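Working notes, beginning with the structure itself.
Residue numbering restarts at 1 for every chain, and letters A, B, ... go by the order of the sequence lines. These numbers were taken from a predicted model, which means no experiment stands behind them. All values below come from the heavy atoms of this structure, side chains included, with hydrogens, waters and symmetry mates left out.
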Amino acid sequence: MTDELHFLMAARREKLDAMRARGIEPFAYSFDRTSTAQHAVSLAPEDQSSEASERVSVAGRIVSMRAHGKTAFAHLADATGRVQLYFRRDELGDAYALIDMLDIGDVIGVSGVVFRTRSGEPTIRVAAFEVLAKSLRPLPFAKEETASDGSVVRHMGFSDPEQRFRQRYADLAVNPEVRATFVARAGMTRAIRAFLDARGYLEVETPVLQPQYGGAAARPFVTQHNALDMALYLRIADELYLKRLIIGGMERVYEIGHDFRNEGVDRTHNPEFTMLEFYEAYADYEVMMDVVERLIVAAADAVRAVEPFTDAVPVFTTPFRRIEWLGAINAGLGTDILALDHAGLIKHATRLGVPRAAAMSRPKLMDEIFQLLVESKIVEPTFVVDYPLELSPLAKPKRGDARLTERFELFANGRELANAFSELNDPIDQRERFEAQAALRAAGDLEAAAVDEDYLRAMEYGMPPTGGVGIGIDRLLMYLTGIQHIRDVILFPTLRPE
RNA sequence: GGGCGGGUAGCUCAGUUGGUUAGAGCAGGAGCCUUUUAAGCUUCAGGUCGUGGGUUCGAUUCCCACCCCGCUCACCA
């Protein structure tokens, strides 16, 4: 059936027309609120015989309605919660006829005094009300029952995952607890900004559209600039631009923004996601480990402050455990992985069950083996330190062991939460690393980086020693809240068009 | 991409071993009801049973293909 002709919508259009026939315009310009729903509830007198002295005006959406002839009850929801409304014909006179033209979903403004009903529920006795926006399309509100222990039981409702994400507006309107996730998300990023700002960091914005992408291993989205007649890539990382700023003398910078990776969509991957990167001149990865630890704790405190997540957020003991990449993997493998040639790596990877190992490059094989033997088994937050040089084309070699780099990743619950290094600041070494990547790329590794000549030019001017960190904000929120699917922490996850 | 499960009313779901009018609750219309709260009572309406083919006297049901969704594996260092 077509929406336009649907009987449910037709009925609402008829009510709209009936209101206008009475000279009422049901789409308002503004409404002066004197109270929120939450505040109105708090005004209710203790005993049932009296009522609050103060008259309140509240606005929100009608989420339930029970009409009884000459009286009617409804619940009004705003951002703070819900409050019951009581309409009486004795009180409203001719205006009471408008009750027949209201629907669940309408946005209305009411004023009246707060009292308690026979059953004790705080309720506004409506003295006047107006329709602020007529709802022409029915929202799938669920019936809610307040159990004797005060918990709310929702009956049926709006649960189809596809429709919830396609119509997040309806999801948020109907399932108010969804909002809490995004309140927590905002609290978390606010805490992170406050933490970095307090440390003297400057928040910056670098290009999303880039002529050359880099800073990570991933396949990009490509787009076309018409006037310049050139291809542009959506960034896969912020890294190389933020380090250009370090070279320019902005000694502490961070950016929170979207990166884009042209890869699969699943429980932990959305094509666009939010990345925090921060860089600090004159710091090495030891300093950054300490910063990351405190930043994670600050983020966790912020999420813990949001009601439904208080118990979900892990309580950390610092310092986090540290293990060495090479020691951990060699212990699992029973031999020195760095002593293995390509054929030996393929043999071990295959033995461990890595599919299609024969087609993989050395770095890829090492990472696969690491994931299986070490990463997947980490539960408590753990810094894995000192990654092999060939896995880390932007990191400085480790002092005292040129096979490794000063790099760490933070893992918890088998997932990567942060990736960081003492940034490579030797432009000659960086060129060699880029060229090694380019060779992998030429050999068919679609995720290997290309040589970035402009970045090398910037480095040649002189880049101070720098510590840098990347943290996936969506993943961090998932970890802290215990939410299992990335689409539940993103307001509008990527979907196929309808 | 592989495997498994699913797509039936606006929402949440039953059901059809192939058969005539496809069901429920909520939401909706009409009526009654001046403290209800999953309000209640009476009554009415609401469906191309994901799409397209095939088999059949007859397909929402069986067969084939396709589309979409979920879970999962793979991929995503």
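- Side-chain atoms of A:Arg89 and base atoms of B:U34 include no donor and acceptor less than 3.5 Å apart.
- At a threshold of 4.0 Å, the pair A:Arg219-A:Glu263 does not count as salt-bridged, since none of the basic side-chain nitrogens sits closer than that to a carboxylate oxygen.
- Between B:U35 and A:Arg88, no contact under 4.0 Å exists linking OP1 or OP2 to a side-chain N or O.
- Counting only heavy atoms from C-beta on, A:Pro161 has its side chain closest to B:G70 among B:A45, B:U36, B:G70.
- Side chain A:Gln84 to base B:U36: a donor-acceptor pair is found below 3.5 Å.
- For RNA chain B, each stem of at least three Watson-Crick or G-U pairs (distances under 3.5 Å) is given as range with range: B:1-7 with B:67-73, B:10-13 with B:23-26, B:28-32 with B:40-44, B:50-54 with B:62-66.
- Of the listed nucleotides (B:A27, B:G46, B:C11), B:G46 has the atom at the smallest distance from the side chain of A:Phe7.
- Taking side-chain N and O atoms only, A:Arg12 has no distance below 4.0 Å to OP1 or OP2 of B:G28.
- With B:U34, B:A38, B:C73 as the choices, the nucleotide that has an atom nearest any side-chain atom of A:Arg267 turns out to be B:C73.
- For B:G40, the OP1/OP2 oxygens have no side-chain nitrogen or oxygen of A:Arg66 closer than 4.0 Å.
- Between the side chains of A:Gln38 and A:Thr80, not a single donor N or O lies within less than 3.5 Å of an accepting N or O.
- Classification of A:Glu91 and A:Arg89 as a salt-bridged pair fails, no side-chain N sitting under 4.0 Å from a carboxylate O.
- Considering only side-chain atoms of A:Ala11, the nucleotide from B:U35, B:G28, B:U34 that sits closest is B:G28.
- Using modelled atom types and a 3.5 Å distance limit, the side chains of A:Arg433 and A:Ser392 yield no donor-acceptor pair.
- For the pair A:Glu177 and A:Arg154, the salt-bridge criterion is met [side-chain N within less than 4.0 Å of a carboxylate O].
- We find that the ring of A:His6 and the base of B:G10 do not stack by the test of centres under 5.5 angstrom and planes tilted less than 30°.
- OP1 and OP2 of B:U12 both lie 4.0 Å or more from every side-chain N or O belonging to A:Lys143.
- Put simply, the side chain of A:Ser159 and the base of B:U12 share no donor and acceptor less than 3.5 Å apart.
- An OP1 or OP2 oxygen of B:C69 is reached within less than 4.0 angstrom by a side-chain nitrogen or oxygen of A:Arg496.
- Along RNA chain B, the nucleotide nearest to A:Phe158 and the one nearest to A:Lys15 differ in position, and the one closer to the 5' end is contacted by A:Phe158.
- A:Asp103 and A:Lys134 are joined by a salt bridge, as a carboxylate oxygen and a charged side-chain nitrogen come within less than 4.0 angstrom of each other.
- Side chains of A:Glu121 and A:His75: a donor-acceptor N/O pair is present below 3.5 angstrom, by distance only.
- The base of B:C69 has none of its N or O atoms less than 3.5 Å from a complementary donor or acceptor on the side chain of A:Asp160.
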